[in-house]
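Both backbone and side-chain heavy atoms feed into the values below; hydrogens, waters and symmetry mates do not. Protein chains get the first letters and strands the later ones, always in sequence-line order, with residue 1 at the start of each.
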There are 2 protein chains.
Amino acid sequence: MPPITLKELAAELGLSPTTVSRSLNGYPEVNEATRARVAQAAARHHYRPNTRAKALATGRAMAIGHIIPISTQHEIVNPIFADFIAGAGEVYSGAGYDMLLSLVADADQSRAYREIRAKGTVDGIILHGPKEDDSRIALLAELGLPFVVHGRATWAKVPYSWVDVNNTRAFQRATEFLLDLGHRRIALVNGLEFMDFAVRRRHGFEAAMAARGLVPDPALMVQGEMTEAQGAHAARAMLALPDPPTAFLCASLLSAMGVRREVEAHGLRLGRDVSIVTHDDELGYLRNGEEEPIFTATRSSVREAGRRCAAMLLGIIADPASAPRHEMLEAVLVVGRSTGPAPASQR
Amino acid sequence: MPPITLKELAAELGLSPTTVSRSLNGYPEVNEATRARVAQAAARHHYRPNTRAKALATGRAMAIGHIIPISTQHEIVNPIFADFIAGAGEVYSGAGYDMLLSLVADADQSRAYREIRAKGTVDGIILHGPKEDDSRIALLAELGLPFVVHGRATWAKVPYSWVDVNNTRAFQRATEFLLDLGHRRIALVNGLEFMDFAVRRRHGFEAAMAARGLVPDPALMVQGEMTEAQGAHAARAMLALPDPPTAFLCASLLSAMGVRREVEAHGLRLGRDVSIVTHDDELGYLRNGEEEPIFTATRSSVREAGRRCAAMLLGIIADPASAPRHEMLEAVLVVGRSTGPAPASQR
DNA sequence: AATCGCTCCCAAAGCGCTTTGGATGCCGCA
DNA sequence: TGCGGCATCCAAAGCGCTTTGGGAGCGATT
């Protein structure tokens with residue numbers, strides 16, 4: 001049994017489709033009594049306007065597209081993705097929007113965007129995982145479809161809207177925290193440095209070091225996929241150095257867990273012999289402790305970022321003149337049990 | 001500049017919309033020469049039929065909906081979600097389908113499904129995270145919208161299509177493996193046991209134990225969110241018992257990592273003093289080692305499951321009579337460095 | 001020369017909704 | 001009595017596409 005249509009509903013009520021439509025959409029030119037009748041009948045039949053038809057008639061798809069890069073070079077499905085989506089989804093469902101996911105390969109981005117535009121399935125787009133130099137932004141700007149970037153692209157040449165965490169400041173702050181504890185040999189276990197956020201984090205780290213007249217040791221800086229294995233690998237190599245680090249700055253909880261494993265495998269005590277500070281995206285399935293944080297961390301909810309991105313995009317769609325908009329989220333530094341003064345021998 | 005429409009394209013070519021449409025859709029009644037002309041013009045203008053209009057006209061939305069439960073009781077965004085989506089997404093984009101995500105709260109599932117049906121935005125649905133007794137299945141079956149369940153719901157009273165891993169056998173096999181190594185005190189660190197897969201895993205564990213005349217110790221069985229903290233908590237409590245387990249069977253790599261941490265914190269050596277077997281969903285960002293697995297594990301790619309679910313659903317949409325379909329994926333037992341013979345003192 | 005059968009194309013209706021531009025009836029007011 | 005004004009409602013067009021039901025043109029057949 002197919003769902004009931006507007007026309008059928010109108011027929012049953014002895015009204016015209018026009019009146020029923022207006023009634024349901026809250027237009028004033030309809031008697032309150034009939035409006036009540038209509039509402040009642042609609043509820044009784046679980047009537048919902050067909051989105052496709054509505055979209056065709058209004059020209060608004062009532063859907064937002066999320067474009068997820070499926071890179072061939074680093075074939076990793078982003079762990080923060082689920083949380084971001086959850087945050088954005090809350091906002092969309094509150095506003096009656098659907099969420100459309102497109103996984104597009106790096107190669108045919110250009111074609112993919114045009115298609116999305118031409119197919120008219122979405123009113124706006126959220127762009128994930130911007131690189132330092134990201135060509136997708138110019139492309140989207142040219143297409144004239146509203147969009148918001150989760151993160152930034154340093155070298156983008158056109159204005160665009162974004163929501164980002166202040167990664168530079170977060171890592172600068174974290175580095176200062178370690179420096180204040182007396183650490184000098186600080187390792188950076190970073191994400192892939194063609195990603196914009198990773199570059200900014202490195203800059204923050206370097207800036208804090210430079211402010212104390214320190215030059216980071218290249219042997220203590222690695223980049224890579226932010227996995228447990230990466231953290232373990234990096235820590236293993238670095239702890240074997242003649243002059244090993246006394247502290248690690250990690251880009252993700254997973255990396256930090258890998259570092260911790262290797263630290264403990266070396267018989268070193270976390271927070272005593274070696275300190276770890278990590279960035280914490282507050283992922284639902286990867287919590288940094290319960291009440292008390294395990295790792296000292298720069299904390300910023302990626303779910304909240306999802307909400308902000310979504311809200312911003314809906315705002316831009318409602319009022320295109322308000323673009324470009326920007327929103328900077330500050331990470332907070334929470335102190336856990338993974339940090340302590342640098343060992344005396346190192347001071 | 002709005003995208004070009006069929007009518008405009010037709011006008012430019014001096015043809016009727018009918019002919020252009022047929023030409024583009026491969027119908028036979030059009031001259032090959034004109035078909036080429038049309039194709040060329042379409043390519044030049046980057047023409048794509050408007051999906052909303054096409055959907056309205058054909059009655060097919062060319063989109064699949066994924067319904068993600070946003071539970072209030074366990075507010076966890078499923079870590080396997082991103083990988084599943086990636087797998088399904090591959091299949092959809094290959095077939096020209098869009099993917100629609102709906103996050104719906106446990107409370108108003110019923111309303112949500114009806115809406116989705118009535119709004120007509122999708123041609124089929126994939127259901128995630130079935131519980132042992134899941135009312136959503138009967139609901140969807142009643143609505144008459146094609147759907148496939150990722151997993152099963154033991155107490156469902158209606159036939160339905162599913163793709164599932166043989167969780168029972170996987171955990172039975174893993175348990176037998178540990179038993180063969182001489183372990184008798186085996187702990188089960190399970191997922192939440194209102195989830196169907198978790199129940200099956202427990203059954204597999206219990207069956208293997210029973211086959212050797214062993215009764216699992218309730219003190220060695222816990223359930224919970226599959227997080228690192230859960231694994232650590234469980235291991236801490238169990239290792240403090242007068243008669244601690246010599247082996248752990250974990251439901252996820254994260255749990256296993258938590259167990260490992262606690263095991264090592266106790267000064268015990270993994271694979272010597274204590275063994276761990278875990279289930280491994282082969283998540284992109286949570287690999288169980290590179291070539292050689294770190295943990296001995298029952299391995300089954302959730303991404304592949306996503307592909308299978310998607311393919312099955314598209315198959316059902318194309319040929320509704322083929323439903324219900326079922327597909328059982330077998331996990332393979334891969335041996336890593338986390339298991340070894342039970343310590344002699346325990347034999 | 002008339003008819004048939006193709007091939008190739010088109011006009012028009014329809015998918016379910018919104019929206020423009022009236023119609024209708026009823027009131028009060030001069 | 002006549003008319004403007006208001007409150008309610010409706011007919012019809014249109015969103016961009018597919019699809020049904022022809023219709024022209026042309027070579028082949030009789």
Looking only at side-chain N and O atoms, does [X] come under 4.0 Å of OP1 or OP2 in [N]?
X	N	value
A:Y47	C:dC17	yes
A:T58	C:dC17	no
A:K54	C:dG16	no

Next item on the list: Run the numbers on A:T19 and A:S16 for side-chain hydrogen bond (donor to acceptor under 3.5 Å, both in side chains), then give the verdict.
Entry: CA-CA 5 Å; A:T19 304; A:S16 78; 3.2 Å; yes
Margin query: For the aromatic rings, using the six-membered ring if either is Trp, is the centroid distance between A:Y160 and A:H326 under 6.0 Å?
Written below: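 Centroid distance A:Y160-A:H326: not below 6.0 Å, so no.
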Notebook entry, point to check: Where along residues 17-29 of chain A does a heavy atom fall under 4.0 Å from DNA chain D?
Noted result: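 Heavy-atom contacts with DNA chain D come from A:T18, A:T19, A:R22, A:E29.
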Next item on the list: Nearest 0.5 Å please: distance from the CZ atom of A:R111 over to the CD1 atom of A:I116.
Entry: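 CD1 of A:I116 is found 10.5 Å from CZ of A:R111.
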Notebook entry, point to check: Do A:H45 and A:E12 have side-chain atoms, one donor and one acceptor, less than 3.5 Å apart?
Noted result: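 Per modelled atom types, A:H45 and A:E12 side chains form a pair under 3.5 Å.
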Measure the distance from [atom1] on [X] to [atom2] on [N] and round it to the nearest whole Å.
X	N	atom1	atom2	answer
A:L6	C:dC15	CG	C1'	13 Å
B:R35	C:dC9	CZ	P	10 Å
B:L56	D:dC17	CG	P	12 Å
A:R37	D:dC9	CZ	C1'	12 Å
A:M62	C:dG16	CE	C1'	17 Å
A:L15	D:dA7	CG	P	19 Å
A:R52	C:dC17	CZ	C1'	12 Å
A:N50	C:dG16	CG	C1'	6 Å

Notebook entry, point to check: Per the end-axis method with five pairs at each terminus, what is the bend angle of the helix from C:dA1-D:dT30 to C:dA30-D:dT1, to 10°?
Noted result: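 Computed angle between terminal axes is 80°.
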Next item on the list: Write out all pairs satisfying salt bridge (Lys or Arg N to Asp or Glu O under 4.0 Å) with one or both partners inside residues 47-65 of chain B, taking only residues at least two apart or from two chains.
Entry: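 Found A:E115-B:R48.
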Check: Is it true that A:R152 and A:D196 make a salt bridge, defined as a side-chain N closer than 4.0 Å to a carboxylate O?
Finding: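 The answer is no: the pair does not qualify as a salt bridge.
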Next item on the list: Check the pair B:D133 / B:K131 against salt bridge (Lys or Arg N to Asp or Glu O under 4.0 Å), numbers first and verdict last.
Entry: CA-CA 5 Å; B:D133 183 9; B:K131 301 180 181 170; over 6 Å; no
Note to self: On a heavy-atom basis, which atom in B:A61 and which in B:A55 lie closest, and how many Å separate them?
What the structure shows: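 Minimum heavy-atom separation between B:A61 and B:A55: CA-CB, 4.0 Å.
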Checklist line | Distance-minimising heavy-atom pair for B:A41 and B:L13 | finding: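 Heavy-atom minimum between the residues: CB-CD2, 3.9 Å.
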Checklist line | Of the listed nucleotides C:dG16, C:dC10, D:dC17, the one nearest the side chain of B:S16 | finding: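 Ranking C:dG16, C:dC10, D:dC17 by closest atom to the B:S16 side chain puts C:dC10 first.
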